Amino acid sequence: MVEIERQPLQRLHGVLDDDVYESFYRKMQNAAKTLDGRTVWNVNSTAEGGGVAEMLGTLLPYARDAGWDVRWAVISGDDEFFDITKGIHNALHGSPPSDDIWDRAGEVYARVTKTNANQLSRHIHAGDVMLIHDPQTAGLIDSLTKAGAATSWQCHIGTDEANEWTRRAWDFLRPYVEPADRYVFTREDYLWEGLDPARLRIIPPSIDVLSAKNAPMDGDSIEAILRAAAVLDGQAVPAEFVRPDGVVGFVTNHVNRVGGDAPLPSDARMVLQVSRWDRLKDPIGLLRMFADHFNERRDVHLVYAGPSTNNVNDDPEGKAVLDAATEVWRSLEPAVQQRVHLLEVPMKDVDENAAIINALQRRADVVVQKSLEEGFGLTVAEAMWKGRPVVAGRVGGIQDQIEHERSGILIDDPYDVAGFASAVCRLLDDPEKAKEFGVEAHRRVRERFLGPRQLSQYADLMVELTRAARAA
Ligand code: UDP
């Protein structure tokens, strides 16, 4: 069981209009009334690392403050189980699993999830509400439903185009998922074939605007953090940031820059992409865009910032993608090389990492997200919150965030390097337009992609599920 601290809902008042906050607050209280002491269980497969754990860690403390008896259980499993569920995860994204897992998957998945369901069943009561997250835990749904709980399955991943591997994973998981009272996906298009659309609910993710990643920063702090991390040229001065517990930290670690130590000149214009080192984030496409279209623009620098790949065991694919990008960087003309920065941002201290990413996003003149596919794309919402103009491919959840030509620019074909280049140049040449998009982008995120919206939707779901449990 993961400990859940209480976080005052009142903290969120500062980022919302009064009427929006009031209605959010009422919704949370009403859900508490309807729940009437029933426990709301969240079940997932890890307490740390990954988007779902981060989301639960951020949102559940507010639900507790609203008076929900909210709990968080993490299932256990052996290496073979997690090997298989990783394979299923990859298949859902359309990639073939590493070896042929399907022969073993049925027996191992059913056994491990059954054991976990038996353990959990001892703690739950009829009428409890169960929020089961992602494929690893779907196997618990049937037993928990039979134990009298109302169940909702949250699928936090999805793909625009299903292929044979996606369908294979759907076919494997569907019998486990089917008995749930509700299916929650992040986009309508992600609902699987064969699941009852009447039970579908759409709840997109949100960003935590009070975290070190998104907290406000003034110009001096941005400058200080980027100098301290050796991103920008200039005399380093103490660079503070605030940790989630309110303690002040200092940026002391430097970024690792491919091909040398020359930081960006302090007056450089910056085009930025923040992403893991992943083929689908298309770092090489981004380098091509810059090499082919920014030759004459000597004041513009490109930054691709990703997490440090020091720990190769953690992410062997990340290292390979960084190596491939490095090869392309080496092939660039020296004059272009100097203006292309592949940065590994230190991960020794996650709050420091978040502060550096925050400062980069705030310093950027234009933010690009050249992903070829994207589930949601938190980096897009983060940059939009910071009032940045974003140019991104019309893929996955990015389409739900950016309204084309209003709060950013969407490029129809994510492989269209020339299209990206011309949109970026347009924004660099028209700072008024860029600012207009940034203002709209901030407004869009404020309306749709903050925690209170997501919590309000969960409050609605609580009411529905409680009624479903009563009716049963
Ligand atoms: N990120 C980070 N440090 C880095 C690079 C990325 O904290 O060095 C964060 C980024 O700010 C975002 C998340 O990793 O919050 C990536 O989420 P997104 O939905 O964009 O893509 P995913 O990695 O889940 O495919």
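Atoms within each ligand, like the ligands themselves, are counted from 1 in listed order. Treat the numbers as computed from the prediction; the structure is a model and nothing was measured. Values reported hereafter were calculated over all heavy atoms of this structure, with side chains retained and with hydrogens, waters and symmetry mates removed.
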Fill in: Identity and distance of the protein heavy atom lying nearest atom 8 (O) of ligand 1
P307 N, 3.1 Å
Discussion item. Does either side chain, that of Q136 or that of N44, offer a donor lying less than 3.5 Å from an acceptor on the other one?
Written reply: no
Discussion item. Please tell me whether H341 and R257 have a donor and an acceptor in their side chains that are separated by less than 3.5 angstrom.
Written reply: yes
Fill in: Lys/Arg-Asp/Glu bridge criterion (N-O < 4.0 Å) met for R64, E5
no
Item to complete: Output yes when a protein non-hydrogen atom is found under 4.0 Å of atom 14 (O) of ligand 1, and no otherwise.
Response: no
Fill in: Residue E188 excluded, over 12 heavy atoms near CD under 6.0 Å
no
Worksheet entry | Identity and distance of the protein heavy atom lying nearest atom 6 (C) of ligand 1 | V274 CG1, 3.8 Å
Practice prompt. Could you check if a side-chain atom of R71 sits within less than 4.5 angstrom of a side-chain atom of N42, using non-hydrogen atoms only?
Written response: no
Practice prompt. Could you list the atoms of ligand 1 found under 4.0 angstrom from a heavy atom of T379?
Written response: 10 (C), 12 (C), 20 (O)
Item to complete: Pull out every atom of ligand 1 sitting under 4.0 Å from any heavy atom of G377, numbered as shown with elements.
Response: 19 (O), 20 (O)
Item to complete: Specify whether the nearest protein heavy atom to atom 24 (O) of ligand 1 is under 4.0 angstrom away.
Response: no
Worksheet item: With atoms numbered from 1 as shown, which atoms in ligand 1 lie under 4.0 angstrom from a non-hydrogen atom of K213?
Response: 7 (O), 9 (C), 10 (C), 11 (O), 15 (O)
Worksheet item: Quick one: are the ring centres of W165 and W102 less than 6.0 Å apart?
Response: no
Practice prompt. For the residue pair D323 and T326, confirm or rule out a side-chain donor-acceptor distance under 3.5 Å.
Written response: no
Discussion item. Check for me whether G306 has a heavy atom closer than 4.0 Å to any atom of ligand 1.
Written reply: yes
Worksheet item: Which atoms from ligand 1 have a heavy atom of R276 less than 4.0 Å away?
Response: 22 (P), 23 (O), 25 (O)
Practice prompt. Do me a favour and list the nearest non-hydrogen protein atom to atom 21 (O) of ligand 1 with residue, atom name and distance?
Written response: K281 NZ, 3.2 Å
Discussion item. Under 4.0 Å between a side-chain nitrogen and a carboxylate oxygen: does that hold for K348 and E352?
Written reply: no
Practice prompt. Find out whether D233 and L264 are in side-chain contact, i.e. whether some heavy atom of one side chain is under 4.5 Å from a heavy atom of the other.
Written response: no
Item to complete: Around atom 11 (O) of ligand 1, find the nearest protein heavy atom and jot down its residue, atom name and distance.
Response: E382 OE1, 2.8 Å
Discussion item. Quick test: of every protein heavy atom, which one is nearest to atom 19 (O) of ligand 1, and how far off is it to 0.1 Å?
Written reply: L378 N, 2.8 Å
Worksheet item: Can the ring centres of F420 and F290 be said to be less than 6.0 Å apart?
Response: no
Worksheet item: Is there at least one pair of N or O atoms, one from S275 and one from ligand 1, spaced under 3.5 Å apart?
Response: no
Item to complete: Do me a favour and list the nearest non-hydrogen protein atom to atom 4 (C) of ligand 1 with residue, atom name and distance?
Response: I357 CD1, 3.6 Å
Item to complete: Look at atom 2 (C) of ligand 1 and say which protein heavy atom is nearest, naming residue and atom and giving the distance to 0.1 Å.
Response: N353 OD1, 3.6 Å
